[in-house]
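Structure record follows, encoded as structure tokens.
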Amino acid sequence: MPSPPALRLAIDIGGTFTDTVLVDGGGRILATAKTPTTPPEPALGALEGARHALIAASAAWDEIGGFIHGTTLATNALIERRGARVGTITTEGFRDILEIAYERRYSQYAINLEKPDLIVPRTRAFTVGGRMNARGEELVPFDEDAVAALAGRLEAEGIEAVAICLLHAYANPSHELRLREMLRMALPEPVISVSHEVSPEAREFDRLCTTVANAYIQPLMSRYLADFETRFRSAGLACPILMMTASGGMTTLETAARLPVRLVESGPAGGAILAARLARETGEGKVVSFDMGGTTAKLCLIDDGQPRTARKFEIARAERFVKGSGMPVRIPVIEMIEIGAGGGSIANVDRLGRVRVGPQSAGANPGPAAFGNGGTQPTVTDADIVQGLIAPDGFAGSSISLNPGAAMAVLKCKVGDALGLDLDRAALAVTEIVDENMAGAGRMHAADSGRILDDRTMIAIGGNGPLHATRLARRTRVRTVVIPKNPGVGSAVGFLHAPVSFEIVRSRYTTLESLDVDAINGFFGDMANEARTVVRAGAPDGPLTERRVAFMRYHGQGHEIEVAVPARDLEPTDAHGLRSAFEAGYSRQFSRTVPDMKIEILNWAFRLASEVPDIDPAHAAGTPSAASPSGFRMILCDVSGEWREAAVYKRADLHGGARLSGPALITEPQTTTLVSADFDARVDGAGNIWMTRQDGALP
């Protein structure tokens, strides 16, 4: 008899908890685990979660045929500035690219404006002679004689990582390659990142920032990935380990170690993938995904079953919601907004008597005061416990025993006494503030995209997402909230639905009028070969799909719009189709076109991906029936602000067609869903919980 399909394992290491999901060959979830993250050695917490899942499923390491891993380590290292000592090397005469930046202030009238921290001070910025033009033609030969002195200066500065970004290296990387070769012979210790591999696009400032970010975390991530692989191999894992990327695909450990900047935001990408898949399964055209964990909350807009994507985002903004106040990184990424609002977000009262929540987090160690691990600051989880929304027993799959008394004590001392509030009002104040912070971020993210949230369905995941979803929905005027199965480990579940993929965006300037299709076909062929090498390392067999894009603009404009390119060799007649597609896209975005204006193409993108399983059709909900509660609990009602009795349901007991009304709590091993008093809930045939705001509850 043929052997059964291999099991697949997904692990998402967050700032507070590590989520693990084990599925069989058909995609059926066999076991999940939520274990505390171990910041000094994240692989230890991951191993513990994997062992819990294997024991629960009575499975062995040698049965695992697929392993996907996502982590916040790269993101946290950049935000917390825990990377290597980086030096930059740019073309002679361009030492101050980081200092000049965009030649503008992100807040024009702010007297005490805080400039973004771009990691490398001017004292560690070096240059070398040689010059390419935008067509890749050498104007000035590379100055090899200067490299020895340059290596000496790098060594004297104690440089641990080098970011090389020479002018127009995306068009011709020969100078970067030669410089890297010579530096490796002179200085074998520092790691070296070159811009034509990290971000082969025009715009020198963005390209240099991305290369600096890659170099900054490369030593840390290389050590981490090597340690992670060693520990899991020693435990008995035999299959390849694939890493989740920010663009929603997977890549190999080797590629991840070489381009760790692509791992930034890899964990949240899994949540967006899960929400997008559920949107396609249920036929919901407009969705906002809401993923609230222990450290951060993430929101992503999903249209027609596809999460919005971007080619650029900012890290560690000086002003949380102000564009231009952070470090720009230009890589393919699922577009979302992320703020410091999680279960571990710390609450305090500032000198003006205002309650503030986050972005600082108690994390996994010491964690909220209720964890009993030495935490002395009140957190969102402490406030939820005081309001009766989290039961002390069974928290995080019973991996942590909660102490409600400790939560009460810190909330009264740090918030209640400071403001003259009783314990109930203090707890309510903390959750009101964090919910409004998330709602404000969601509204701003939608407005930045020219959209609103009112007409969207919210899909909530994460350890705290289902608990805060209806409260957030009320503030953003969302009427319907969906809680999928296993929401507490939703990002890890999303990993299992992601393809093995690799995307390349590369600059090659041309105009439609002078489009050389033979040259562009060769250009795409080179990108396809590079992408295929990466993808086939993780997906040796099976069909692959490709997507081609041109980034086009009118002559003289500063930014481009995406236009789909046929996934085949171009022909001269395709220029007309590209013009029509560009004008249609431009008209959708700006409600007009510009006649008789030259059209330019600056960048081209190529994405190669393995196929993912087909979407299952929606299941019939079954006969409607009133759900039977397993008990009752007093909670502080988020609608009236008064204590009310709430029915408690076990999610495992709710079957298709079950219906209930708020206030109610639906419990499961990794999270709790709050059905607010102004919401009704039903369970569909696939086991998803649909919560709908009652008519007349809000306009």
After noting the C-alpha distance and the side-chain angles of S199 and D206, does the key distance pass the side chain to side chain contact (heavy atoms under 4.5 Å, CB included) rule? CA-CA 9 Å; S199 180; D206 290 4; over 6 Å; no
Let me see the working for H175 and E138 under side-chain hydrogen bond (donor to acceptor under 3.5 Å, both in side chains), right down to the final yes or no. CA-CA 9 Å; H175 286 181; E138 186 178 76; 2.6 Å; yes
Determine, stepwise, if the pair L78 / V329 fulfils side chain to side chain contact (heavy atoms under 4.5 Å, CB included). CA-CA 11 Å; L78 283 164; V329 172; 5.7 Å; no
Run the numbers on R131 and F94 for side chain to side chain contact (heavy atoms under 4.5 Å, CB included), then give the verdict. CA-CA 11 Å; R131 182 75 176 268; F94 291 83; 3.9 Å; yes
Audit row: E571, V517, side chain to side chain contact (heavy atoms under 4.5 Å, CB included) steps and yes/no: CA-CA 6 Å; E571 300 174 358; V517 294; 6.0 Å; no
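Closest approach of P219 to V191, counting heavy atoms only: CG-CG2, 3.6 Å. Nearest heavy-atom pair, A297 versus F290, reported as atom, atom and distance to 0.1 Å: CB-CE1, 4.2 Å. Shown here for C209 and L98, the closest heavy-atom pair between the two residues is SG-CD2, 3.8 Å. Between F142 and M182, the shortest heavy-atom contact is CE2-SD, 4.1 Å. Between E176 and S195, the closest heavy-atom pair is OE2-OG, 2.5 Å. Looking at every heavy atom in both residues, V535 comes nearest to S610 through CG1-N, 4.4 Å.
With a 4.5 Å cut-off on side-chain heavy atoms, M244 and I273 count as touching. The closest side-chain heavy-atom distance from L177 to V194 is not below 4.5 Å. Contact check for L208 versus V212: side-chain heavy atoms found under the 4.5 Å cut-off. At a threshold of 4.5 Å between non-hydrogen side-chain atoms, the residues M243 and L253 count as touching. Between M444 and D448, some side-chain heavy-atom pair lies under the 4.5 Å cut-off. Annotation: side chain of L113 is in contact with side chain of Y106 (closest heavy-atom distance under 4.5 Å). The shortest side-chain heavy-atom distance between F582 and L512 does not fall under the 4.5 Å cut-off. Contact annotation: the side chain of P240 never approaches that of T252 to less than 4.5 Å [non-hydrogen atoms, C-beta and beyond].
Listed for the T210 side chain is a donor-acceptor partner under 3.5 Å among the backbone atoms of R330. At distances below 3.5 Å, at least one donor-acceptor pair connects side-chain atoms of T245 with backbone N or O atoms of G249. Counting only distance, with no hydrogens or angles, the side chain of N214 and the backbone of V261 share a donor-acceptor pair below 3.5 Å. Side-chain N or O atoms of T75 include one that pairs as donor or acceptor with a backbone N or O of E265 at under 3.5 Å. A donor-acceptor contact shorter than 3.5 Å links the side chain of R105 to the backbone of A110. At least one donor-acceptor pair closer than 3.5 Å links the side chain of R95 to the backbone N or O of R122. In this structure, D526 contributes its side chain and F523 its backbone to no donor-acceptor pair below 3.5 Å.
Taking the six-membered ring where the residue is Trp, F606 and F524 present tilted rings, their angle falling between 30° and 60°. Using cut-offs of 30° and 60° for the angle between ring planes, the H69 and Y224 rings count as tilted. Ring geometry, Y586 versus Y554: the interplanar angle exceeds 60°, so the pair is classed perpendicular (tilted spans 30 to 60°).
Every residue two or more places apart in sequence or in another chain that forms a salt bridge (Lys or Arg N to Asp or Glu O under 4.0 Å) with E254 is listed here: R258. Residues satisfying the ring pair (Phe, Tyr, Trp, His ring centres under 6.0 Å) criterion with Y109, sequence neighbours excluded, are absent altogether. Scored by the salt bridge (Lys or Arg N to Asp or Glu O under 4.0 Å) test, R548 finds E546 as partners (sequence neighbours excluded).
Taking the centre and axis of the six-membered ring of F502, the NZ or CZ atom of R262 falls inside the cone set by 45° and 6.0 Å.
Screening residues 149-174 for salt bridge (Lys or Arg N to Asp or Glu O under 4.0 Å) gives R85-E157 as the qualifying pairs, with residues at least two apart or on separate chains.
A salt bridge does not link R311 to E562: none of the charged side-chain nitrogens sits closer than 4.0 Å to a carboxylate oxygen. The existence of a salt bridge linking E201 and K312 is excluded, since no basic side-chain nitrogen approaches an acidic carboxylate oxygen closer than 4.0 Å.
Between T127 and the options D143, L150, T90, a side-chain contact (heavy atoms from CB on, under 4.5 Å) holds for only T90.
Rounded to the nearest 0.5 angstrom, H196 NE2 and S507 OG are separated by 13.5 Å. Of the inter-residue distances, the one linking M221 atom CE with R223 atom CZ reads 10.5 Å to the nearest 0.5 angstrom. Atoms CG and CD1, from L187 and I159 in turn, are 10.0 Å apart once rounded to the nearest 0.5 Å. The CE atom of M132 sits 10.0 Å away from the CD atom of E137 when rounded to the nearest 0.5 Å. Rounded to the nearest 0.5 angstrom, T91 OG1 and E204 CD are separated by 7.5 Å. Going from atom CZ of R508 over to atom CG of N603 covers 12.5 Å, rounded to the nearest 0.5 Å.
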Less than 3.5 Å apart, which donor and acceptor atoms pair up between the side chains of residues 587-602 and the rest of the protein, not counting sequence neighbours?
unit_1, atom_1, unit_2, atom_2, d
E600, OE1, R553, NE, 2.9
E600, OE2, Y509, OH, 2.8
E600, OE2, H555, ND1, 2.7

Which side-chain N or O atoms in residues 161-170 pair as donor and acceptor under 3.5 Å with protein atoms at least two apart or in another chain?
unit_1, atom_1, unit_2, atom_2, d
H168, ND1, Y170, OH, 2.9

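With a 6.0 Å radius and a threshold of 12 heavy atoms from other residues, nucleotides or ligands, N521 has its CG atom above the threshold. Within 6.0 Å of CZ in R135 there are 12 or fewer heavy atoms belonging to other residues, nucleotides or ligands. No more than 12 heavy atoms of other residues, nucleotides or ligands lie within 6.0 Å of CD in Q108, so this atom counts as exposed by the packing criterion. In the displayed structure, E611 atom CD is contacted under 6.0 Å by more than 12 heavy atoms of other residues, nucleotides or ligands. Within a 6.0 Å radius of CZ in R568, other residues, nucleotides and ligands contribute more than 12 heavy atoms.
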